[in-house]
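In what follows, a single structure is set out as structure tokens and then discussed.
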Amino acid sequence: MEALGDLLAPHSELIAKVAGTITTLQFLSGVVLMNDIRKKGSSDVYPVGPFLFGVVLTVLSLKLANIMNDAAMINTNLIGLVINFVFLFGFYYYASSASRSKIWKQIGYSSVFLLVITAYANFEDPAKIEFRLGMLITGILVWMVGSPLLHLPKIIEKKSTEGMPFPIIFAGNLVALSWTLYAISIKNTVMVLQNLLLLVLGGIQLSMFAIYPNKPAAKKPKDSKKDK
């Protein structure tokens, strides 16, 4: 990896710009969901998790980027934070009164979590917190990216990838690949491991599309009983 890092190092700035652009486009994928919510006039049937976790993830990534003093990561996550806040506000706007109270509760839990982690990061040794915060972010990302794999037995049973969002999974792999190349170019081991793990998880999901069709196979009609 050292040789590849030396090869990519002169192009790290360009790789960072490409990675940032792809990540920003992925952030904007929530527009499709927000448009569905707008058409329905309610967000109650959808989980707030993707947008709330988006805010949490970008705040933690911003903290890590500041510790690393990485301008590319700071700019990308600032844009992502604004986009996720807009989506979260739109989600809340279309929620019913009963759902809004639940959303506030989840926002409260997330805020406490972020305050605790931020306070810890401010007092911990910067050399240690870079690795530990990176691992925490990796854990959250693995949970978000890997959660569809919980449905793997069902996919194999149905022999269909129906319900799996191919564009989002494919975009996620492009994001992980671009940041892996950037991490190699700046020789950041934590970022390399983080994104390689995401690539593996995303690759498993993409392989399902190569094995199984998007629509379940039509069931063969049972032979009707012949009249005696």
Side-chain angles (χ1 to χ4, degrees), residues 20 23-38 40-148 150 168 171-172 175-176 179 190-191 194-195 197-198 201:
T23 305
T24 301
L25 291 173
Q26 189 197 34
F27 284 141
L28 290 170
S29 62
V31 169
V32 177
L33 177 58
M34 286 308 304
N35 189 47
D36 286 342
I37 290 171
R38 181 188 61 81
K40 291 179 184 295
S42 172
S43 62
D44 290 357
V45 296
Y46 298 99
V48 71
F51 300 135
L52 191 54
F53 272 114
V55 171
V56 170
L57 197 58
T58 47
V59 169
L60 292 176
S61 298
L62 264 175
K63 184 64 181 175
L64 180 61
N66 275 307
I67 293 170
M68 294 171 57
N69 196 26
D70 191 306
M73 287 178 64
I74 291 172
N75 293 335
T76 300
N77 284 288
L78 272 175
I79 294 170
L81 183 60
V82 171
I83 290 171
N84 279 297
F85 262 128
V86 170
F87 287 154
L88 185 59
F89 175 79
F91 190 96
Y92 179 83
Y93 177 80
Y94 284 104
S96 63
S97 299
S99 293
R100 285 183 178 183
S101 61
K102 294 178 183 177
I103 292 171
W104 274 117
K105 188 181 291 185
Q106 292 181 64
I107 290 174
Y109 290 143
S110 300
S111 299
V112 170
F113 172 74
L114 285 174
L115 283 172
V116 170
I117 298 300
T118 304
Y120 169 68
N122 288 336
F123 288 102
E124 182 57 274
D125 179 2
K128 292 180 180 178
I129 194 61
E130 181 178 335
F131 175 78
R132 291 174 183 175
L133 191 55
M135 288 297 99
L136 176 62
I137 292 170
T138 301
I140 295 173
L141 282 168
V142 166
W143 183 84
M144 291 177 69
V145 174
S147 56
L150 295 173
I168 293 175
V175 169
W179 285 111
V190 174
M191 279 184 67
Q194 179 187 91
N195 287 285
L197 183 56
L198 296 179
L201 292 172

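The chain is numbered in sequence order, starting from 1.
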Contact between [X] and [Y] at the side-chain level, heavy atoms closer than 4.5 Å - yes or no?
X      : Y      : answer
Val116 : Tyr120 : no
Leu133 : Leu136 : yes
Met73  : Trp179 : yes
Thr118 : Leu115 : no
Phe51  : Met34  : yes

Looking at [X] and [Y], what are the two nearest heavy atoms and their distance?
X      : Y      : answer
Gly80  : Thr58  : C-CG2, 3.9 Å
Ser110 : Val56  : CB-CG2, 3.8 Å
Ile74  : Ala65  : CG1-CB, 3.5 Å
Ala176 : Leu198 : CB-CB, 4.1 Å
Val45  : Lys40  : CG2-CD, 4.4 Å

Task: salt bridge (Lys or Arg N to Asp or Glu O under 4.0 Å) partners for Arg100, two or more places apart - done: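 Once residues adjacent in sequence are excluded, Arg100 has no partner under the salt bridge (Lys or Arg N to Asp or Glu O under 4.0 Å) criterion.
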
From [X] atom [atom1] to [Y] atom [atom2], the distance as rounded to the nearest 0.5 Å:
X     : Y     : atom1 : atom2 : answer
Ser61 : Asp70 : OG    : CG    : 11.0 Å
Asn75 : Leu62 : CG    : CG    : 9.5 Å
Asp36 : Tyr94 : CG    : OH    : 12.0 Å
Leu81 : Thr76 : CG    : OG1   : 12.5 Å
Leu33 : Ser43 : CG    : OG    : 9.0 Å
Leu52 : Phe87 : CG    : CZ    : 14.5 Å

- [ ] Report yes or no: do Lys63 and Asn122 form a side-chain donor-acceptor pair below 3.5 Å?
- [x] yes

TODO: Using the test side-chain hydrogen bond (donor to acceptor under 3.5 Å, both in side chains), find all partners of Asp44 that sit at least two apart in sequence or belong to another chain.
DONE: Ser96, Ser99

Enumerate donor-acceptor pairs with a distance under 3.5 Å from any side-chain N or O in residues 101-109 to protein atoms, sequence neighbours excluded.
residue: Ser101; atom: OG; partner: Ala98; partner atom: O; Å: 2.7
residue: Trp104; atom: NE1; partner: Tyr92; partner atom: OH; Å: 2.8

- [ ] Let me see the working for Ile83 and Val86 under side chain to side chain contact (heavy atoms under 4.5 Å, CB included), right down to the final yes or no.
- [x] CA-CA 5 Å; Ile83 290 171; Val86 170; 5.8 Å; no

